[in-house]
Amino acid sequence: MNLRISTWNINSVRLRIGLIERFVKDVSPDVLCLQEIKVDDPLFPADAFHDMGYKYHAVAGQKGYHGVAILSRIPIKKWERKNWCDKEEARHVIATLDCGPKAGIDVHNFYIPAGGDIPDPDKNDKFAHKMQFLDDVSAWFRNEEDPKKAKILVGDLNIAPSEHDVWSHKQLLKVVSHTPIEVEKLAILQDSLGWVDAVRHLVPEPEPLFSWWSYRSKDWRVNNRGRRLDHVWVTKPLQKGLKAMQIDDDTRDWVRPSDHAPVTVDLDLS
DNA sequence: ATGGTGGTCCTACCA
């Protein structure tokens, strides 16, 4: 059995439901993970997703800000929303898919805090929050979760780890999303369960890969000042099944686009 | 060095 999973920071699910329909028509993922849905649970457009074939969903919504959702054509056995850093922010939802091994596959969908502008936790509460979030999630995976189980972690992690994940390593070293301390914290998170970066496993460096281009940059395709902020990771039991990945950056040129492009990975579960 | 754009929801705040 093949599993196609996509992750997309959609920046308002209600405003861009038409773009999602177009993407689903083209790519047809079995599981679609969204971030920044910017809507509370009662107003989530579940019917539209049902019409696209996603009969199962796990939604952690919030009014106006954040919000993550997992839409699935594969039955969801159970799901859960998790809050971090003693905040009620909707940044993490977990769904267990009824496929693959007997216990199923856990999908973790994250929207990690962006972290504000100044990369100093003493001067910037938002950056301190980002650091704490990464520490707490890393400790939780390390202490509570089993690296031998089949798991997928996706989302807008708001960190571009390598020099080939940004348009200019040198010019972004002091820019939040690519600072050494963030890259180190992301490495610790990756180490917590021995996560494999599925996208880089399939398309190794030095190939540049970006999934986000600022709304503020004109001629984004010409200047190509992108960053790879959106990620798909898998635990070791799923590594051998990694088949293909794609970043659909054509979506960045659609009318009223998200500033992020969807990242899709194909996994062979047989 | 600065400001550039876009979302929510109506006034700033967030990215």
Side-chain angles (χ1 to χ4, degrees), chain A residues 7-23 33-45 48 59-69 83-92 109-121 123-134 154-161 165-168 170-179 182 185-186 210-231 247 249-263:
Chain A
T7 179
W8 196 3
N9 179 322
I10 196 62
N11 188 15
S12 174
V13 70
R14 286 179 293 176
L15 187 69
R16 288 188 236 286
I17 193 72
L19 274 64
I20 295 170
E21 284 165 351
R22 184 171 169 188
F23 171 71
C33 299
L34 301 173
Q35 304 86 36
E36 283 206 275
I37 59 174
K38 293 189 173 178
V39 65
D40 205 354
D41 296 348
L43 294 175
F44 183 80
V59 179
Q62 186 178 329
K63 185 179 181 181
Y65 299 102
H66 323 305
V68 287
N83 290 340
W84 296 96
C85 305
D86 294 319
K87 294 178 191 287
E88 298 291 315
E89 298 178 346
R91 295 183 178 276
H92 183 197
N109 182 15
F110 280 100
Y111 175 50
I112 289 182
D117 288 332
I118 303 163
D120 181 343
K123 293 181 182 147
N124 173 7
D125 289 343
K126 289 186 198 141
F127 196 76
H129 178 215
K130 185 177 196 174
M131 299 293 94
Q132 190 67 52
F133 191 100
L134 288 159
V154 306
D156 177 3
L157 307 187
N158 265 315
I159 298 172
D165 296 332
V166 292
W167 64 276
S168 167
K170 199 176 164 202
Q171 286 181 252
L172 288 172
L173 268 171
K174 292 180 178 173
V175 174
V176 171
S177 75
H178 192 60
T179 64
E182 291 169 87
K185 297 274 189 199
L186 192 70
F210 308 145
S211 65
W212 174 87
W213 295 262
S214 172
Y215 284 125
R216 295 171 190 172
S217 73
K218 287 277 173 226
D219 293 323
W220 71 274
R221 203 182 275 282
V222 174
N223 297 315
N224 201 20
R225 295 189 169 188
R227 307 177 200 171
R228 187 170 74 104
L229 304 179
D230 304 277
H231 299 267
I247 301 176
D249 60 10
D250 54 314
T251 60
R252 189 64 181 75
D253 272 332
W254 292 355
V255 177
R256 291 252 251 170
S258 168
D259 46 353
H260 293 253
V263 180

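Below, chain A is the first sequence line, B the second, and so on; all start at residue 1. Values below: all heavy atoms of this structure, side chains included; hydrogens, waters and symmetry mates excluded.
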Are OP1 or OP2 of dG7(B) and a side-chain N or O of R16(A) less than 4.0 angstrom apart? yes

Could you tell me how far apart W220(A) (CH2) and dG6(B) (C1') are, to the nearest whole angstrom? 17 Å

Distance, P atom - from dC9(B) to dG3(B), rounded to whole angstrom: 28 Å

For DNA chain B, whose closest nucleotide is more 5', that of G64(A) or that of S214(A)? S214(A)

Tell me: NZ of K63(A) to C1' of dC10(B), nearest whole Å? 11 Å

Using purine N1 to pyrimidine N3 plus N6-O4 or O6-N4 for Watson-Crick, or N1-O2 and O6-N3 for G-U wobble, both under 3.5 Å, which nucleotide pairs with dC13(B)? dG7(B)

Between dT8(B), dG6(B), dA15(B), which nucleotide gets closest to the side-chain atoms of S12(A)? dT8(B)

Looking at E89(A) and R91(A), is any side-chain nitrogen of the basic one under 4.0 Å from a carboxylate oxygen of the acidic one? yes

Between CD1 of I118(A) and P of dC14(B) the distance, given in whole Å, is 13 Å

Where each residue is assigned the nucleotide of DNA chain B containing its nearest heavy atom, which of E36(A) and R256(A) is assigned the position nearer the 5′ end? R256(A)

Would you say a side-chain N or O of R14(A) is under 4.0 Å from OP1 or OP2 of dC9(B)? yes

Rounded to whole angstrom, note down the C1' distance from dT2(B) over to dT8(B). 26 Å

Using the six-membered ring wherever Trp is involved, compare the ring planes of F110(A) and F133(A) and label them parallel, tilted or perpendicular (cut-offs 30° and 60°). perpendicular

Would you please say whether a donor-acceptor pair under 3.5 Å links the side chains of E36(A) and N9(A)? yes

Is it the case that atom CZ in R221(A) sees more than 12 heavy atoms from other parts of the structure closer than 6.0 Å? yes

Tell me: CD1 of I37(A) to C1' of dA15(B), nearest whole Å? 16 Å

Atom-to-atom span, CZ of R91(A) to P of dA15(B) - whole angstrom: 6 Å

Atom pair distance, as rounded to whole Å: NE2 in H66(A) and P in dG7(B): 17 Å

What nucleotide, of dG4(B), dG6(B), dG7(B), holds the atom closest to the side chain of R216(A)? dG4(B)

If you measure only the distance, is there a donor-acceptor pair under 3.5 Å linking the side chains of D253(A) and W220(A)? yes

Within this structure, what is the NZ-to-P distance between K218(A) and dT2(B), rounded to whole angstrom? 22 Å

Are any of K126(A)'s side-chain N or O atoms less than 4.0 Å away from OP1 or OP2 of dC14(B)? yes

Starting at atom CG of N9(A), determine the distance to atom P of dG6(B), rounded to an integer number of angstrom. 16 Å

On a whole-Å scale, what distance lies between the P atoms belonging to dA1(B) and dA12(B)? 30 Å

